[in-house]
Protein chains: 2
Amino acid sequence: MARNKELNQKIKDERREQILSSALMLFATKGLSATRITDISAAAGISQGLMYHYCKSKEEIFSELIKYALDRMNAACIELEKLPLPPHQKIKMAIEKLLQGFDANKNTSYYYLLILQATVSEAIPREAKEIISQGSSLPYEVIERILIEGQKEGTIKDYDARDLSVVFWTSIKGLALNKAAFGGSYKMPDPRILAGIFLNE
Amino acid sequence: MARNKELNQKIKDERREQILSSALMLFATKGLSATRITDISAAAGISQGLMYHYCKSKEEIFSELIKYALDRMNAACIELEKLPLPPHQKIKMAIEKLLQGFDANKNTSYYYLLILQATVSEAIPREAKEIISQGSSLPYEVIERILIEGQKEGTIKDYDARDLSVVFWTSIKGLALNKAAFGGSYKMPDPRILAGIFLNE
DNA sequence: TCGTTGGTTGAATTTTTATTCAATATAATT
DNA sequence: AATTATATTGAATAAAAATTCAACCAACGA
């Protein structure tokens, strides 16, 4: 026998974590295509050869990051919908939490950039495209449902709910972009500005 | 002598136009790095060798497109500011014109995508970065000034004008992204939704 | 201490992409 | 028709990036 299984597993998990974390930052700031395999290995502090011990290609890493980002986003949306709050409070809280998230953690806006790339670009692996085309509609649907409920109660403005949901997410994504582009020097706007798009009074 | 100068110039202009137009579409949908020189030549219907007769590199084309996009955007903003209209009407009109523009012409959203790439990505040529860092603040400033004027008149909501201007442009850019991603199947939301972010009543 | 397992490296190779260039096509001028 | 300047091509070459692999190292058990 050699090393015990646990240590090996620990090493593997650590390396994979380093690789994914470095790749996230690089994919978000340079794009998938411009990120070289050696960029990732250098950022992760390992040799290029070792990259192939841990993953098939950068495309595989990209797909894994996309899947993770969508899963977290969808889970958060499901949680939001379940909360025992009136619809207009859910919207207010969602906006506040999202903006706080961007300020608190760079990775949050990086994940949004990844999803944006995967949505817009035709130069991403088929697998990532499929993950996106299956898993990216839930957030729109959840917000739309909450808005419709609020409209019934009269607390949400009476525009087409689908339009409102699109404006909700496009505004959020736009802010994520700003955060990723200008980083520390950019502070999020007052969340009440966004809330005012949806709320009556 | 051979061919007359005019015809040669006309051929040159035509080719350059074909190249720029193909490159715009490809850069927007695939990104600068994932777009090969042969992708551009194929889309433009010429051989790869001829590309080098008309441009030094794809980076040069990218920079030229960025410069053109910024110039047009800045010119439109200056025109807007000059219009003999009250501030809140200028905001309303700007939103309507921008959304109509996205629906009317694919290239419009492509140009926004290019500017987005140049702003966010670190994998673009230094020249393009410089063009962007110099020329991309005017739209924010113009909208901010119009909003401040409107606030004095009481027609614009009383949030921080800088924040409002950022929300204005992030929302617009988000919608451009949607248009580029979903193309024909996506219709712009009611412009009054966006106008309501800024206007009192 | 030695042997074994599996992590790790970096140079060698293959593949992809960019770039050059000698040869050819075109059309106006003489 | 011959001349000439320039547009155009595609194969040859160069450069960059991805991928493989033989050799090496580190930790553990015997």
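Keep in mind it's a predicted model, so treat the numbers as computed, not measured. Order of the sequence lines sets the chain letters (A, B, ...), proteins ahead of strands, with each chain counted from 1.
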For the side chain of [X], counting heavy atoms from C-beta on, which of [options] is nearest?
X	options	value
A:Gln48	C:dG10, C:dG7, D:dA18	C:dG10
A:Asn8	D:dA17, D:dT19, C:dG7	C:dG7
A:Arg36	D:dA17, C:dG7, D:dG10	D:dA17
A:Ile37	D:dA18, D:dT8, C:dT19	D:dA18

Using whole Å, what does the distance between atom [atom2] of nucleotide [N] and atom [atom1] of [X] come to?
X	N	atom1	atom2	result
B:Gln18	D:dA7	CD	P	14 Å
A:Ile46	C:dG6	CD1	P	19 Å
B:Ile40	C:dT19	CD1	P	11 Å
A:Asp39	D:dA16	CG	C1'	12 Å
A:Arg16	C:dG7	CZ	P	13 Å
A:His53	D:dT19	NE2	P	17 Å
B:Lys12	D:dT6	NZ	P	8 Å
B:Lys10	C:dA28	NZ	P	11 Å

Nearest-nucleotide wise, let me know which of B:Ile11 and A:Thr38 is further upstream toward the 5' end of DNA chain D. B:Ile11
Ranking B:Met51 and A:Leu7 by the position along DNA chain D of their nearest nucleotide, the one closer to 5' is B:Met51
Between A:Gly45 and B:Lys58, which residue's closest nucleotide on DNA chain C lies nearer the 5′ terminus? A:Gly45
Taking side chain as C-beta onward, heavy atoms only, is A:Pro125 less than 4.5 Å from A:Ser63? yes
Parallel, tilted or perpendicular: rings of B:Phe168 and B:Phe198 (30°, 60°): tilted
Salt bridge flag under 4.0 Å for residues B:Asp160 and B:Arg162: no
Are A:Glu64 and A:Arg16 ion-paired here, with the side-chain N under 4.0 Å from a carboxylate O? yes
Heavy atoms only, 4.0 Å cut-off, all strands: where does A:Leu50 land among base, sugar-phosphate and nothing? base
Only residue of A:Tyr110, A:Phe62, A:Tyr111 satisfying ring-ring contact (aromatic ring centres under 6.0 Å, His included) with A:Tyr68 is A:Tyr111
If you compare every side-chain N and O of B:Tyr52 against the phosphate oxygens of D:dT8 (OP1, OP2), does one of them come in below 4.0 Å? no
